[in-house]
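Just so it is clear: chains get the letters A, B, ... in the order the sequence lines come, proteins before strands, and each one is counted from 1. Note that the structure is a prediction, hence the values are computed from the model and not measured.
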2 protein chains.
Amino acid sequence: MARPKQTTSPNRRRQILEQAAGLFKTNGFNATTMRQLAEQSGMEAASLYNHISSKEELLREICCTVANDFNAHLLQLEADDSCASRKMEAIIRFHIHMLLTRYNDVYVSNRDWKHLKEPWLTNFLNQRKLYENRLAAIIQQGVDAGKFKPVHPHVAVLTILSAVRSIEYWQRSKKAISSKQIADDLVMLLLKGLEQ
Amino acid sequence: MARPKQTTSPNRRRQILEQAAGLFKTNGFNATTMRQLAEQSGMEAASLYNHISSKEELLREICCTVANDFNAHLLQLEADDSCASRKMEAIIRFHIHMLLTRYNDVYVSNRDWKHLKEPWLTNFLNQRKLYENRLAAIIQQGVDAGKFKPVHPHVAVLTILSAVRSIEYWQRSKKAISSKQIADDLVMLLLKGLEQ
DNA sequence: CCTACCGATCGGTAGG
DNA sequence: CCTACCGATCGGTAGG
């Protein structure tokens, strides 16, 4: 049987990307070295460059994938005809779900996007801005319909997006609280408030 | 008139610290170089070491100062006999106030504490944990008194602490919204919720 | 996928 | 506060 030519396999590449996300999350993008990544991937640093073209490309791929997923979900939700309240709850729950199931990628994307190079940095920021504006539009609809309090929509958007990131702390410390209770509490806090 | 001996002045040190906070905020701790800091301070990199002993010392001073200020405020508040609701509002408003008036320091402390060296890293994390526990205790009092919804106190604490950091985004983009409106909206959202 | 290696840059020191 | 410089380490390349 002929041994298959050992060219760069997409599988190997995906493994490297996963390891990179883990290292970036733990140490930060700058503090992660290609030698660390190589060791975790079972090869020499120089060999990584058969699978990727640069360290920044790894970050780029992580950030773009995450951004695309959030975009796709929102696009689908906007086509829906449920009320603003239900939409906001779905958005909050989706963010929680992303944080819980793809912790490393989302965490790194949230913190390390600053190290993207142009033109990807500008593109990333534009996409994020657009995403926030679309969330603000949903909240504005709720305000107009008298369903939401008359808050400034952008304040509400950033508050909610920030609050949802508290999941990061839970993922870190494996507390004796189920994901479901955390998610339910978060949704209640943001939609109904802390006070009784 | 005798020219005063030009030894290391506390003033110069404070200036360097302020510049460092600005650079750390913009570029991150690792990506900030002592040569950049030297240039902004109007001297050569080597000369910085007449005023400080290491790059990490700068970060340490920033993180400790911020942590002490939050601690002091909470200590004072705990002696107060107002209800849990009023206490939580005061805490939220203090966090907002710190973010607005000492943006660089708080931002860097929130993001770059990971680069502290031992034993300060452990000390910082212990202090933060203790702070969160004391907030959770206040929330628990509110829940017991029937003033707060029956949420898990730690979930509420982390949600609120995360939400308050959304101020960071506002500080960055000078929007046409006053600090007061942002603060009021934030307090309302967290205590009363988004829904009408 | 490896060995060998490069140019750049880093935080920090010596000695004045 | 400066000049001169060091040892370490980085991301990445050459050439196989």
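One interatomic measurement links the two molecules: CD of B/Gln36 to P of C/dT9, which rounds to 12 Å at whole-angstrom precision. If you take CG of A/Leu58 and P of D/dC10, they are 16 Å apart, rounded to a whole angstrom. Residue A/Arg35 contributes atom CZ, which lies 10 Å from atom P of D/dT9 at whole-angstrom precision. In this structure, A/Lys117 atom NZ and D/dG12 atom C1' are separated by 11 Å, rounded to whole Å. Atom CD1 in B/Ile52 sits roughly 10 Å away from atom C1' in C/dG12 (whole-Å rounding). Look at CE on A/Met34: it is 23 Å from P on D/dA8, rounded to the nearest Å. Rounded to whole Å, atom C1' of D/dC6 lies 13 Å from atom OH of B/Tyr49. A/Glu56 has its CD atom 13 Å from the P atom of D/dG11, to the nearest Å.
Applying the side chain to side chain donor-acceptor pair (under 3.5 Å) rule to B/Thr101 yields no partners; only residues at least two apart in sequence or on another chain are considered. Legend: residues meeting salt bridge (Lys or Arg N to Asp or Glu O under 4.0 Å) with B/Lys192, ordered by chain and number and at least two apart, are A/Glu195. Partners of A/Arg60 by salt bridge (Lys or Arg N to Asp or Glu O under 4.0 Å), not counting sequence neighbours, listed by chain and number: A/Glu56. Every residue two or more places apart in sequence or in another chain was checked for a salt bridge (Lys or Arg N to Asp or Glu O under 4.0 Å) with A/Arg86, and none qualifies. With sequence neighbours excluded, no residue satisfies salt bridge (Lys or Arg N to Asp or Glu O under 4.0 Å) with B/Arg35.
The stretch residues 18-33 of chain A has no heavy atom under 4.0 Å from DNA chain C, so no residue of it qualifies as close.
Judged as a salt bridge (charged side-chain N to carboxylate O under 4.0 Å, His left out), the pairs with a partner in residues 140-167 of chain A (not counting sequence neighbours) are, in order, A/Arg165-A/Glu168.
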Output a table of nitrogen or oxygen pairs between the protein and nucleotides 2-4 of chain D separated by less than 3.5 Å.
unit_1 : atom_1 : unit_2  : atom_2 : d
D/dC2  : OP2    : B/Glu44 : N      : 2.6
D/dC2  : OP2    : B/Ser47 : OG     : 2.6

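Under a 4.5 Å side-chain heavy-atom cut-off, the cluster of Ile, Leu, Val, Met, Phe, Trp and Tyr residues that includes B/Trp120 has no other member. Through direct or indirect side-chain contacts shorter than 4.5 Å among Ile, Leu, Val, Met, Phe, Trp and Tyr, A/Leu75 is connected to no other residue.
Taking the six-membered ring for Trp, B/Phe24 and B/Tyr107 have ring centres at least 6.0 Å apart.
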Per-pair distances, 0.1 Å, donor-acceptor, side chain in residues 36-45 of chain A, under 3.5 Å, sequence neighbours excluded:
unit_1  : atom_1 : unit_2  : atom_2 : d
A/Gln36 : OE1    : A/Thr33 : N      : 3.2
A/Ser41 : OG     : A/Leu37 : O      : 2.9

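Side-chain atoms of A/Glu89 and A/Ser85 form no donor-acceptor pair, as typed in the model, at a separation below 3.5 Å.
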Item checked: Dot-bracket line, read 5' to 3' along DNA chain D, where crossing pairs take [ ] and | marks a partner on another strand, Watson-Crick or G-U under 3.5 Å -> ||||||||||||||||
